[in-house]
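By convention in this document, chain letters (A, B, ...) are assigned in the order of the sequence lines, proteins followed by strands, and residues within each chain are numbered from 1.
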There are 2 protein chains.
Amino acid sequence: MAGRPRSGAERLTRDGIVSAAVDLADAAGLASLSMRSVAQRLGVTPMSLYNHVANKEELLDGMVDAVFAEFYAPVPGAEWRSELRQRALTAREALKRHPWAVGLMDSRRNAGYETLLHHDAVIGCLREAGFSLRLTGHAFAVLDAHLYGFLLQEVSMPFEPGQDLAELGTQMIAALPEGQLPYFREFTLEHALQAGYDFGDEFEVGLDLVLHGLAERLAAQPQGRAS
Amino acid sequence: MAGRPRSGAERLTRDGIVSAAVDLADAAGLASLSMRSVAQRLGVTPMSLYNHVANKEELLDGMVDAVFAEFYAPVPGAEWRSELRQRALTAREALKRHPWAVGLMDSRRNAGYETLLHHDAVIGCLREAGFSLRLTGHAFAVLDAHLYGFLLQEVSMPFEPGQDLAELGTQMIAALPEGQLPYFREFTLEHALQAGYDFGDEFEVGLDLVLHGLAERLAAQPQGRAS
DNA sequence: CTCCTTTGCGTACGGTGTATGTTATGAAGC
DNA sequence: GCTTCATAACATACACCGTACGCAAAGGAG
C-alpha cells in the first residue's frame, strides 16, 4: 500500500520528469500542467516528483532550460552573421514548438546550465568576430530582444494558423466603432489581412535589419577587440 | 446577512476593480493576485467582482489594457522618429512600473480598446511619415519586438536594482565549473559587472539601431506611400 | 406602494501546490 | 545469507484557488 521503488529504467529521474512536463505542456498547454498531471503521465503519485524536483518553480526552470538546449549554438570563429542568423531561426522554431516557454522566460530568475552554455556560444561568436565587449553587450541585448519580443507577439496572435483569418479579421474590424482607428483599419484590411501576408515573415526582415545595423557598428569600430 | 448594495461612490465599477488589481499586482506581484485578494482590497466578497468582470481572464485583459493606456501615443504627422522614440521610452517606463504586464501580454488573446487606440497611433505615425503599408508592417513588428523583448529580459534579471551585483555576480560566476563558459565569464566579469554598466542603457542603443535601420529603409523606398 | 432589476453575499465544489509522516525497497557491510 | 539503512514512492491533509449557484436587499420605474 506504500512506497514501492522502481528498479532500473523504471525509476524516476529529474530529466524524465522535465521531459514529461515539456511533452504535456506542448500537447495540452501550460495551464493544464500541474504536479498531478505530470505525475499521472509518469504513472506515479504527485509527491514522488518532489524527490527529484524541489518544487514547481524548479520544474519550470528545468523546462525552460530544456528548450534552450534545442537552440542551435553558434560556433565562435565561424562567420558571425550567418551563425547568429541560423541561431535566431532555430530558436524561433524551438519556441514555436514550445510556445509556453516564451511566457515562462520572464518569470525564471535562475538560468539553467544549458542556457548559460548557449549564451556563452553567442557571446563567443561575437567576440571572435571582433566585437568589443561593449559592442558585444549591445549586440547580445538587441538580438535577444528581437527574438523574444517577436515570439511574444507571434505566440499571442489571436488566431490559429490554419484559420481563414480574412473573414474573421474583417468581422472583428467591422465590429469596431464607426470612423475610429482609421490607420489601424487601413493597415489591417488593406495589408495584414491580404492574401500572402504572413506576420511570421516579419521575423527575418527585422532580424536582417538588426544584423545589418550591427555589421555597420562592427565596421565603424576601432580595431582590436578589447573593451 | 446578504446583499447590501453600495450607494454612489462606494459602488463597485469595472474600472475600480481593474485599478485595484493593478495596484495589487504592482505591490505584491502577480502571483498574489487572486479574485479573493482583489475583493478583500475593495472590502467586498470575491463573488461580487463577477458582477462586473466575467472571469479572471477578462480581469487580466483589462489590466493589460490599462497599462497600454499609460504609453505615450505618438502623434501622426509629427516627426516620426522622435515620436516613436518617446513612445518606446514611455512604454518601457510603464512596463517597469508594472512588470507583471510583460509576462501577461503573451497570453492575452483579446486586445482591449486602449490597446487598439495605441496601435492606431503608432501605425498612423508611420503612415503619415511616408511609410508604405509593407514598410509599416516591418516597422511595427520590429519596434514592438524590441520593446517587449527587451523588457522580457530586463524584468527577469535575477537581482534587485539597489543590490551590490558585483559581489553577487562574482560569486555566481565563481560557482560555475572551472574553465568552462570562457566567453560568458569574460563578458560578465570584465564588462557587465564593471561599475558604470547598466543593462537598461542597452535599450536606447538597440532602439536607435532599429530606428536608424528603419530610416534607411524609408529613404530607400520609392516615393508615394501606397502599398 | 409595488414590482423588477441590479448587485453584493453565502455556500459549496473540484482543483491546486506542497508539508508531513509512513512504508517498502534495493544496495552495502559483515 | 543476513542485517542495516538511506532512499524513493506513497497516503493523508491543509490552505488556497477560480467560480457555479441561489438568495437577499437596495434603488429606480410604474
How many Å lie between CG on L30(B) and P on dC17(D), as a whole number? 13 Å

How about F184(B) and F187(B): are their ring centres within less than 6.0 Å of each other? no

N/O (side chain, H52(B)) to phosphate O (OP1/OP2, dG8(C)) under 4.0 Å: yes

May I ask you to say whether R92(B) pairs ionically with E204(B), meaning some side-chain N is under 4.0 Å from a carboxylate O? no

Under 4.0 Å between a side-chain nitrogen and a carboxylate oxygen: does that hold for R97(A) and E70(A)? yes

Rounded to the nearest angstrom, tell me the gap between atom CG in L59(A) and atom P in dG17(C). 10 Å

Looking at Q40(A), I'd like to know if its CD atom is crowded, meaning that more than 12 non-hydrogen atoms belonging to other residues, nucleotides or ligands lie closer than 6.0 Å. no

Nearest whole angstrom, please: distance from the C1' of dT19(D) to the CD of E57(B). 13 Å

Go through dC9(C), dA9(D), dT19(D) for me and flag the one nearest to the T45(A) side chain. dA9(D)

Taking for each residue the nucleotide of DNA chain C with the nearest heavy atom, is it A54(A) or N51(B) whose nucleotide lies nearer the 5' end? N51(B)

Check the distance between dT16(C)'s P and Y50(A)'s OH and give it to me in whole angstrom. 11 Å

Taking CG from L33(B) and C1' from dG18(D), how many angstroms apart are they, rounded to a whole number? 12 Å

OP1, OP2 of dT7(C) versus side-chain N and O of S48(B): anything below 4.0 Å? no

Residue K56(A), side-chain atoms from C-beta onward, closest of dG8(C), dT18(C), dG10(C): dT18(C)

Check if the side chain of R36(A) and the base of dG15(C) share a donor-acceptor pair of N or O atoms closer than 3.5 Å. no

Round to the nearest Å and state the distance from L60(A) atom CG to dT16(C) atom C1'. 13 Å

Looking at R14(A) and E58(A), is any side-chain nitrogen of the basic one under 4.0 Å from a carboxylate oxygen of the acidic one? yes

In this structure, how many angstroms lie between the P atom of dC17(D) and the CG atom of L49(B), rounded? 13 Å

S34(B) side chain N/O closer than 4.0 Å to the phosphate oxygens (OP1, OP2) of dC17(D)? yes

Protein-nucleotide distance (M47(B), atom CE; dG10(C), atom C1'), rounded to Å: 10 Å

